[in-house]
Amino acid sequence: MASRDSEFLKNFWIPSYVLVPESAAESSQIAGGDGPKCPVLVFANSKSGGQLGGDLLKTYRALLNEKQVFDLGEEAPEKVLNKVYANLERLKTQGDQLAIGIMESLRLIVAGGDGTAGWLLGVVCDLKLSHPPPIATVPLGTGNNLPFAFGWGKKNPGTNEHAVKSFLDRVMKAKEMKIDNWHILMRMRIPKEGPCDPIAPLELPHSLHAFHRVSETDEHNIEGYHTFRGGFWNYFSMGMDAQISYAFHSERKLHPEKFKNQLVNQTTYARLGCTQGWFLAPLFHPPSRNIAHVVKVQIMKRNGQWEDLQIPSSIRSIVCLNLPSFSGGLNPWGTPTRRQRHHNDWTSPYVDDGLIEARRIGFVFHKGATDHTYMRIDGEPWKQPLPIDDDTVVVEISHHGQVNMLATHECKSKSVHDPSTPYNDDAEEDDSSNGDSLADEFRKFGAAETFKIPDEFL
């Protein structure tokens with residue numbers, strides 16, 4: 001049995017000299033022999049899932065080379081990947097076939113909530129690697145929408161050796177599937193008084209990468225304005241749902257000892273949804289904060305023209321959704337008829353068609369409507385202060401390329417390239433390059449600098 005397990009784990013094992021430049025390679029490793037069939041780097045958030053994140057780190061380190069397993073609370077993924085790929089490029093110039101094979105077949109595993117997964121996705125996108133590795137997601141959060149959408153489940157997994165080996169086997173058998181990236185840009189005049197930076201309910205290890213102020217050297221920075229940007233893969237939402245999520249994370253920050261397992265988290269979330277949401281909405285979310293009273297929503301049609309979207313005055317939240325579900329597996333799409341698709345210009349919810357019901361989406365805030373709103377990106381909520389004397393506050397969402405995910409046979413997401421899920425004949429191809437003269441830097445989220453091969457390897 002031990003011999004069989006050892007042979008199985010060789011499929012994923014990466015030698016130390018490939019990961020760490022100072023490590024010496026054994027002659028047998030350089031001379032030849034089959035390399036790992038499915039080499040992996042494992043990233044886990046030790047603070048996710050109560051103790052589960054830490055337990056998973058221990059198990060993966062026990063089964064694999066501990067140098068290929070990383071705690072996101074201690075090592076940022078952009079630094080790890082920059083170091084690993086710089087070493088792979090160095091070995092490639094030396095003709096190391098094992099290193100070349102690992103670079104071409106490398107897969108990433110990320111264990112954490114949707115926000116943690118989004119962090120790694122943003123880093124991989126921004127690095128612009130020659131062989132971007134596909135990513136598998138371990139559901140360690142509360143909602144776990146990304147893992148659920150690609151067949152990895154939404155329940156927190158086991159952390160023993162049997163469970164980890166089973167997951168590795170699924171990673172080896174998984175197919176690659178592209179998913180659209182979406183870029184968010186928000187700009188407002190610098191207010192006469194008061195800050196406008198996002199207020200996060202939690203101190204995240206990546207400083208709320210999902211949405212942040214651009215640097216002074218960023219091309220989007222304009223003097224006299226605050227400019228923020230971020231990205232998402234599952235959804236962007238604004239309104240009551242984000243407010244409830246903010247309340248949940250704030251309570252978890254105050255009483256972390258009460259949030260040690262997924263069932264308790266989901267029960268608390270449901271309680272907050274009932275007390276601060278649906279049943280007591282007029283008290284916690286008055287009509288003056290409803291979407292139509294706060295912003296004007298615009299969508300870009302297929303002809304490239306912007307069109308105002310009529311929002312009923314009673315709507316308390318708006319969600320821009322890329323995947324089949326959000327909030328723990330909720331599917332709001334339904335199944336529209338062909339007539340409905342044609343009359344409303346709807347398309348099926350494919351994850352790689354360059355659409356979120358529209359090419360682009362814009363939000364223009366009404367002057368003086370509110371001094372703040374709540375927003376959420378892929379499970380990470382924040383309170384967004386707004387200047388009440390500014391009529392130029394604008395949020396724009398646009399397509400931003402694609403990243404490779406790993407999907408199991410239980411995948412819920414649909415692809416325009418999958419013959420088993422035929423593409424809507426009325427829909428058009430992605431227009432991300434049609435008429436765009438955007439600089440290359442716009443095609444980044446600000447999660448990491450573009451990876452560059454060290455000069456000594458060129």
Side-chain angles (χ1 to χ4, degrees), residues 9 11-15 18-20 35-46 48 53 56-57 59-61 63-89 99 101-141 144 146-147 149-152 157 164 167-179 181 205-206 209 231 233-234 378 401-408 411 445 447-448 451:
L9 292 174
N11 290 307
F12 312 95
W13 185 281
I14 300 179
V18 173
L19 301 165
V20 184
K37 179 180 178 180
C38 181
V40 296
L41 295 180
V42 181
F43 296 88
N45 186 346
S46 58
S48 292
L56 270 180
L57 280 168
T59 305
Y60 273 106
R61 284 171 173 165
L63 294 176
L64 303 175
N65 184 342
E66 63 179 16
K67 291 183 173 62
Q68 68 187 97
V69 183
F70 306 92
D71 184 349
L72 289 170
E74 299 177 357
E75 299 180 89
E78 61 269 29
K79 293 182 179 179
V80 171
L81 292 175
N82 261 303
K83 180 178 68 175
V84 170
Y85 273 86
N87 198 43
L88 285 170
E89 291 289 351
I102 288 175
M103 181 186 293
E104 293 176 349
S105 57
L106 184 64
R107 297 186 164 194
L108 304 184
I109 296 173
V110 57
D114 288 331
T116 300
W119 180 20
L120 187 61
L121 288 169
V123 167
V124 171
C125 290
D126 279 358
L127 287 174
K128 299 185 181 297
L129 301 166
S130 58
H131 292 87
I135 300 169
T137 52
V138 182
L140 281 190
N144 299 317
L146 274 167
F150 291 93
W152 301 103
V164 169
F167 190 88
L168 286 171
D169 185 58
R170 295 171 70 199
V171 169
M172 184 164 56
K173 296 174 181 176
K175 65 178 181 179
E176 293 190 32
M177 188 174 184
K178 291 188 180 297
I179 178 177
N181 313 319
H206 48 295
H209 150 66
W233 291 264
N234 189 354
D378 288 358
Q402 296 179 324
V403 66
N404 293 326
M405 299 293 292
L406 287 172
T408 75
C411 177
F445 295 116
F451 173 73

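- Considering only heavy atoms from C-beta on, Leu406 stays 4.5 Å or farther from Met177 through its side chain.
- Counting only heavy atoms from C-beta outward, the side chains of Pro39 and Ser105 approach each other to under 4.5 Å.
- Between the side chain of Asp378 and the backbone N or O of Trp233 there is at least one donor-acceptor pair closer than 3.5 Å.
- Rounding to the nearest 0.5 Å places CZ of Phe150 at 5.0 Å from CE of Met405.
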Q: Begin with the C-alpha distance, continue with both residues' side-chain angles, and end with the deciding distance and a verdict on side chain to side chain contact (heavy atoms under 4.5 Å, CB included) for Asn181 and Leu121.
A: CA-CA 9 Å; Asn181 313 319; Leu121 288 169; over 6 Å; no
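- Inter-residue side-chain proximity for Val138 and Pro147 is flagged as unmet; no heavy-atom pair is nearer than 4.5 Å.
- Between Ile109 and Val171, some side-chain heavy-atom pair lies under the 4.5 Å cut-off.
- Taking all atoms of both residues into account, the shortest heavy-atom contact from Ala149 to Cys411 is O-SG, 3.4 Å.
- Side-chain atoms of Val124 and Leu108, non-hydrogen and from C-beta on, do get closer than 4.5 Å to each other.
- Between the CD atom of Gln68 and the CG atom of Leu41 there is a distance of 6.5 Å, given to the nearest 0.5 Å.
- Distance check, rounded to the nearest 0.5 Å: CZ of Arg107 to CD1 of Ile135 gives 12.0 Å.
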Q) Taking it one step at a time, do His131 and Leu129 satisfy side chain to side chain contact (heavy atoms under 4.5 Å, CB included)? A) CA-CA 5 Å; His131 292 87; Leu129 301 166; 5.9 Å; no
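- Val403 approaches Cys125 most closely through the heavy-atom pair CB-SG, 3.7 Å.
- Side-chain atoms of Leu106 and Val40, non-hydrogen and from C-beta on, never get closer than 4.5 Å to each other.
- Taking the six-membered ring for Trp and the full ring otherwise, Trp119 and Phe43 have centroids separated by 6.0 Å or more.
- Contact record, Val80 with Glu75: CG2-CB, 3.9 Å, taken as the closest heavy-atom pair.
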**Q.** Trace of the side chain to side chain contact (heavy atoms under 4.5 Å, CB included) decision for Val84 with Lys79
**A.** CA-CA 9 Å; Val84 170; Lys79 293 182 179 179; over 6 Å; no
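- Phe12 places none of its side-chain heavy atoms less than 4.5 Å from the side chain of Pro36.
- Listed for the Asn87 side chain is a donor-acceptor partner under 3.5 Å among the backbone atoms of Val18.
- Gly53 and Ala44 make their closest contact through O-CB, 4.4 Å (heavy atoms, listed as atom of the first residue, atom of the second, distance).
- Under the rule for a ring pair (Phe, Tyr, Trp, His ring centres under 6.0 Å), Tyr60 has no partner lying at least two apart in sequence or in another chain.
- We find the CG-OG1 distance between Leu146 and Thr116 to be 11.0 Å, quoted to the nearest 0.5 Å.
- Nearest approach of Glu89 to Ser130, heavy atoms of both residues: OE2-OG, 4.0 Å.
- One distance of note links NZ of Lys173 with OG1 of Thr408; it measures 11.5 Å at 0.5 Å rounding.
- In this structure, the side chains of Asn45 and Leu140 stay at 4.5 Å or more apart for every pair of heavy atoms.
- Looking only at distances, a side-chain donor or acceptor of Arg170 sits under 3.5 Å from a matching main-chain atom of Gly151.
- Under the 3.5 Å distance criterion, the side-chain polar atoms of Trp13 are left unmatched by any main-chain donor or acceptor of Leu63.
- Side chain of Asn404 to backbone of Glu176: no donor-acceptor contact under 3.5 angstrom is found.
- In this structure a side-chain-to-backbone donor-acceptor pair under 3.5 Å is present from Asn144 to Gly141.
- Note that the CG atom of Leu120 and the CG atom of Leu81 stand 6.5 Å from one another [nearest 0.5 Å].
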